[in-house]
Number of protein chains: 2
Amino acid sequence: MNVRNPRTGEFDYEIFPLSLEELESKIYELRQAQDEWQNQTLDFRIETLRAWKNTLEEQKELLIEALTIDTGRNLETQIEVDFLLNSIDQWCDLAKIFFEKPVLGVSSITSLNKEVQFVPYRVIGIVSPSTFPLFYAVLDTIPALLSGCSVIVKPSELTPRFTEVLINSFAELPQMIEVLSFTHGDAETVIGLTKLCDKICFTGAKNSAKDILNVANESLNPVDLELGGKNIAIVTESAEIERATSAIVWGCAFNAGQSCNSIESIYVHRNIYHQFLSRLVGKANLLEYTFPNVENGQIGPIIAEKQVEKINELLADAINKGAIIKAGGRECEILGGGNYCRPTVLINVTPSMKLLKEEHLAPLLPVITFFNADEIAQVNELSFEDSVAIFAGSNDEALQISEKINVKRLTINDIAINSLLPEVNAERFNKFLKQKTLLINNQQEKSNWWY
Amino acid sequence: MNVRNPRTGEFDYEIFPLSLEELESKIYELRQAQDEWQNQTLDFRIETLRAWKNTLEEQKELLIEALTIDTGRNLETQIEVDFLLNSIDQWCDLAKIFFEKPVLGVSSITSLNKEVQFVPYRVIGIVSPSTFPLFYAVLDTIPALLSGCSVIVKPSELTPRFTEVLINSFAELPQMIEVLSFTHGDAETVIGLTKLCDKICFTGAKNSAKDILNVANESLNPVDLELGGKNIAIVTESAEIERATSAIVWGCAFNAGQSCNSIESIYVHRNIYHQFLSRLVGKANLLEYTFPNVENGQIGPIIAEKQVEKINELLADAINKGAIIKAGGRECEILGGGNYCRPTVLINVTPSMKLLKEEHLAPLLPVITFFNADEIAQVNELSFEDSVAIFAGSNDEALQISEKINVKRLTINDIAINSLLPEVNAERFNKFLKQKTLLINNQQEKSNWWY
């Protein structure tokens, strides 16, 4: 399977997916090794993870190098690697707290000895996207390993180069080799993993998620999905405009908008609209491509080639329906073989335009005005999967608006959440544990309802 | 929709499923009312549930009467009602503990104020089976209501009569009427609920589960499944035979074996086989039908008419392949219009027989001998959904065997677990809560990575 270089458009790397038989035998081995890994102490697993962190740190430059080729950008790649390294320590610290918490349970028959245990799934399959390829490949891997699971990861076939460095980083940690594995491949490999693993964790697009669910329906294996949404920013009349525009341009354009957590549209109060727009356009225009020099600039190439067509289509649709471009261009451009999209500010945006409904995954900044927050809910049917960033003069004002909005993530005067911030949260361990109940009856007498 | 009486075979009751439009408007109302319910204090919700318990207690006799017609048995119905009533208090007590536990989480950017909240799903749909119709209709309802969700329950269309009493039991509790609703119907209603509710909790058979999952794939709404398994009992050489046989006959024959948690096969050590068999047969033969007098006897009618054919088919298959009947008959019998199945002990059972692989949901007791526990795993490919009851002379011996068995529920010298015992467990609240993250940035300075 040939892999395209997003900067040059050339297919300059090759990956070799495992056959279904190879996948089967790999997962069999992982399942066998999981027993011993689970029976080790938590401290042993923490030590192993920390040892991994050390070798990752030693090989940091190699990792950044490979990831930079995968994504066509350098600055964000450095941040990505640093976040990952920090998160390993945080997960280890949280594991100590989480796995020591008592389990609550009662037995209706008080003389019985009832215990609820949490046992790890044996093999977790992780399917990760091309947005922040390293971070999402490893985000679930760390808590899953700490929980005592074996893990097999399939990184995106669009950005696979970093995997080699990652595999080398634990080549000297025999206990890790046995319980952590990587495989390349496409949709077919994903189907194989869904059939063979004990649980699948998927981060990515809704359509691929449905393919996984269709397979999982047959096996009844559990599936955990982290999907993108139509995330929005809201700027109230009292917001600090300098702050809001800096944060929002970043929220829309970091990772060239390709992250499922990017801001996809901006709602701004009519009374500050002109001021806001002028600063937004000014800041958007300051951003530069990571071309020709990969170490400069903020806006990397669009990694998925098929996304380019989609972006151009959404822009054309909006322009046809009356949208006006205030910054950026009318379509993506090709430079040195790579596809790039300028941060593109659109006004005169109406609900009929497709880019308000469909995920554009691009640095597009459609601006919509409002007078009161109720209008926003009308224009934008928010679902719980979406996230909202509110910029306001006071937390109270923002919280009041947020009460009308039923979303998974809410940020006040910031964008950071769920984008580059790893969600290090003890509750996440629950994903990797199954509840097992043990009941021991130590009484001599038979229960009086037995026959 | 006409409902069959399992004792008489007559269709003597009618239910009126809501149309899809009615269902839609019902769920809309429940969603609207949920807001206020969620914003009430936990204490208010606990008080409401306790008030419900009181009226349920007052109407206990009516409830038992209706349920007795639904199931064609009286003794087990009384136990069912008592368990339910007790569990309400237990849930209320656990809610106090659960909802006060601190949430663990860290932000990588320490100056940010990050909070993880758990918010209830707005409308939970509960689809419950005909085995212990009341218990399973209400098991998830109680913690869901305590969590702050609205709930709509669809009880099995085979056993709907108790619903009327249940609805009357909170007719005087206005705060409850708004957030708890019942609807009748069949597979079509289940599909409607899956589309319209924010989460579906299903207890029942694997085939129906797949229908639900197929619908949920489209909406990507979360689904929680509690499915049956091929549960087994293991009796070691050192087990106390009197105790084991009493418990196992009960585990196989309570609820006429129709519970998804019934014991479906028995593995007994070869050295005690003859003694064990003789006591098992003796005790099985003592059991009586709840016919002609519903207040006598332990073995009620087979509720689902189509199950009768299945049981007869499995028995015929086993007999054809060489099984010998030591107690019970070669097929179900019809008495007064109802279908009954005697506790049926089978020996000379081999792995080729269908009744070892397919859920029989009947009081069939196939006995298989073994010399060491490894053989059991070979005969019976256990999945994590199954449960195992081990009878042994010591807990250590049982625990040693259990280590070879990867199951969800393990019982030592008892059968009770997961059958009549309500699984009152604080972790169950997690099913009804979504994680919501709130991040507030109170710093004056802009973050240095913003544009």
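- One distance of note links CD1 of B/Ile415 with OG of A/Ser447; it measures 10.0 Å at 0.5 Å rounding.
- Side-chain atoms of B/Arg243 and A/Gln444, non-hydrogen and from C-beta on, never get closer than 4.5 Å to each other.
- In this structure, OG1 in B/Thr437 is found 9.5 Å from CG in A/Leu410, a value given to the nearest 0.5 Å.
- Atoms CH2 and NZ, on B/Trp450 and A/Lys283 in that order, are 10.0 Å from each other to the nearest 0.5 Å.
- Contact tally against chain B (heavy-atom pairs below 4.5 Å) for A/Asp198, A/Leu75, A/Asn214, A/Asn86: the top residue is A/Asn214.
- You'll find the side chain of B/Glu218 reaches within 4.5 Å of the side chain of A/Lys210, heavy atoms only.
- Looking at A/Asp93, there are no atoms closer than 4.5 Å to chain B (heavy atoms on both sides), in backbone or side chain.
- Contact of B/Ala216 with chain A is not made at all, since no heavy-atom distance falls under 4.5 Å.
- At a 4.5 Å heavy-atom cutoff, A/Ala398 makes no contact with chain B through either its backbone or its side chain.
- The line from NZ of A/Lys436 to OG of B/Ser402 is 5.5 Å long, rounded to the nearest 0.5 Å.
- Of the listed residues (B/Asn217, B/Thr245, B/Asn413), the one with the most heavy-atom contacts under 4.5 Å to chain A is B/Asn217.
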Mind running side chain to side chain contact (heavy atoms under 4.5 Å, CB included) on B/Asn441 and A/Ile412 for me, showing each step along the way?
CA-CA 6 Å; B/Asn441 187 336; A/Ile412 297 177; over 6 Å; no
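- In this structure, the side chains of B/Leu213 and A/Leu213 stay at 4.5 Å or more apart for every pair of heavy atoms.
- Listed for the A/Ser246 side chain is a donor-acceptor partner under 3.5 Å among the backbone atoms of B/Tyr451.
- For A/Gln32, the CD atom counts as densely surrounded, since its 6.0 Å shell holds more than 12 non-hydrogen atoms of other residues, nucleotides or ligands.
- The part of A/Leu399 that comes within reach of chain B is its side chain, from C-beta onward, which places non-hydrogen atoms under 4.5 angstrom from that chain.
- Considering B/Asn442, B/Leu439, B/Ile440 in turn, B/Leu439 is the only one that fulfils the side-chain contact (heavy atoms from CB on, under 4.5 Å) rule with A/Asp414.
- Put simply, the side chain of A/Glu242 reaches to within 4.5 Å of the side chain of B/Lys446, judged on heavy atoms.
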